[in-house]
Protein chains: 2
Amino acid sequence: MHKNEKHGDWFRNPSSWLPGVSIDCVIVGFDLNQLYILLLKWKASDHWMLPGGFVRNDEDMDLAASRILKERTGIQLPYLKQFHTFGNLGRRGNAPLHEMIQNTPPEAQEMIDWLKQRFISTGYLSLINMHNCIPTPDYLSESCSWKALKSLPRLIYDHNHIVDKAMEQIRNQINYLPVGLSLLPKKFTMKDYQILYEEILQRKLDRANFQKKMLKLGFLERHEKQLTGGAHKAPYLYAFNEDKYNILLEKGIGYLS
Amino acid sequence: MHKNEKHGDWFRNPSSWLPGVSIDCVIVGFDLNQLYILLLKWKASDHWMLPGGFVRNDEDMDLAASRILKERTGIQLPYLKQFHTFGNLGRRGNAPLHEMIQNTPPEAQEMIDWLKQRFISTGYLSLINMHNCIPTPDYLSESCSWKALKSLPRLIYDHNHIVDKAMEQIRNQINYLPVGLSLLPKKFTMKDYQILYEEILQRKLDRANFQKKMLKLGFLERHEKQLTGGAHKAPYLYAFNEDKYNILLEKGIGYLS
């Protein structure tokens with residue numbers, strides 16, 4: 001019922017939003033070489049931040065997170081799950097809010113007052129295929145773009161800490177999160193899959209061992225060879241058997257066991 | 001600085017508390033036979049609920065959870081960690097608030113008004129040694145007591161769901177949570193330890209295999225035999241080498257791998 005609202009409508013009626021509660025989304029993508037995080041840049045400033053938003057009075061918190069993700073990426077049904085709630089008193093201590101305010105349209109004054117509250121923020125982790133994503137800035141930001149995790153800029157508030165916590169969660173729960181299915185394209189090489197794991201775990205893995213374990217799990221279907229210059233050395237392409245993958249995920253895709 | 005406040009002081013000045021944000025604690029104990037959850041019973045009613053509370057304006061959310069736990073159990077530094085935030089619109093839909101209000105002291109009217117808000121509640125999981133715990137009711141409850149997890153009464157709001165979610169978390173992360181160290185007494189038999197795992201995982205484990213795996217991990221120190229009638233069949237008592245246990249916990253106590 002809120003589908004047709006334009007960006008920016010949210011702050012015109014602060015009383016329709018839950019006070020003191022916010023959502024921050026760590027949206028993760030992978031380009032076959034490294035991991036990326038989707039960021040917003042505040043209008044006319046150098047301030048980068050995580051996409052986020054608030055919860056309507058008449059909205060489940062999880063649905064608010066889905067709505068925010070849809071607004072920023074165009075993607076409706078990705079992997080999306082809350083991972084931690086950030087409630088420290090000083091979590092917005094480094095907020096350059098006064099500077100941000102100067103670069104904010106005057107009609108947004110009510111929203112700025114709203115932003116001055118203390119917020120308890122629930123972090124949601126999303127794993128998405130970058131190529132299905134249409135990065136879309138929100139009303140207060142001038143751009144929305146992917147930044148490499150390895151060279152993330154300094155973010156406002158505690159947002160770098162929120163990213164760290166999300167990555168820790170992915171590492172700790174790698175067996176139980178659909179990292180492959182969510183982050184890889186439909187067809188991929190074993191090397192692509194291995195690099196994804198290496199980027200998440202932040203360490204090198206043994207190639208033969210990785211291939212052996214993944215094939216043994218039985219959810220990979222082998223397809224044609226990848227088209228390259230030297231065809232005889234071309235690697236095979238694989239795809240997930242989604243049913244088998246999802247069944248196994250319930251028990252844990254025990255690569256690391 | 002709030003240490004000397006009496007129970008019930010919290011609602012006399014609602015403006016000193018964060019609106020819309022609450023904490024619910026799933027406090028788990030083990031008596032060597034089964035798992036228990038600490039519950040409160042609302043004054044002059046049959047309504048059971050999880051211990052919980054709110055966050056002061058000048059307090060970190062995690063510290064608020066520690067404070068609440070201390071108030072209800074007398075225990076200062078147990079295992080305490082948030083596990084999920086509950087933000088559904090209908091999560092207090094089954095709340096018999098009107099009935100509860102009738103049994104509430106008239107001076108608590110302001111607090112009742114406070115309770116009528118929508119709350120986003122963060123669940124905290126605590127694993128404690130029941131024998132160190134002094135169950136203490138809060139201002140609005142007439143008793144605070146341990147109830148067996150297997151025969152938990154119907155709780156108010158979504159509190160049964162919160163307990164289920166906490167137990168799911170313990171099962172999924174059993175390798176990474178200090179279940180043994182937190183829930184067992186200083187000295188225990190291998191059978192005690194196995195029953196703890198069986199109660200958490202809700203299935204029987206093979207005795208020889210359990211003992212072999214746990215001993216191999218190297219964090220158990222063998223002590224004297226347990227004093228029983230038939231001394232020659234008495235089982236050995238064990239204790240944790242806490243340093244080794246904690247180091248191993250970081251990597252996961254891989255009983256299930």
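To find a chain, count down the sequence lines: A is the first, B the second, and so on, and within it residues start at 1. Quick caveat: nothing in here was measured; it's all calculated off a predicted structure.
Residues meeting the side chain to side chain contact (heavy atoms under 4.5 Å, CB included) test with Gln82(B), sequence neighbours left out: His84(A), Thr85(A), Met61(B), Asp62(B), Thr122(B), Tyr124(B).
For chain A, the option among Asp60(B), Val21(B), Asn88(B) with the highest count of heavy-atom pairs below 4.5 Å is Asp60(B). Of the listed residues Asn172(A), Asn57(A), Leu63(A), the one with more heavy-atom pairs under 4.5 angstrom with chain B than any other is Asn57(A).
Scanning all heavy atoms of the two residues, the minimum distance from Arg56(B) to Arg118(A) falls at O-NH1, 3.0 Å.
Between Ile120(A) and Ile120(B), the closest side-chain pair of non-hydrogen atoms is not below 4.5 Å.
For Gln117(A), no part lies near chain B; criterion is any non-hydrogen pair under 4.5 Å.
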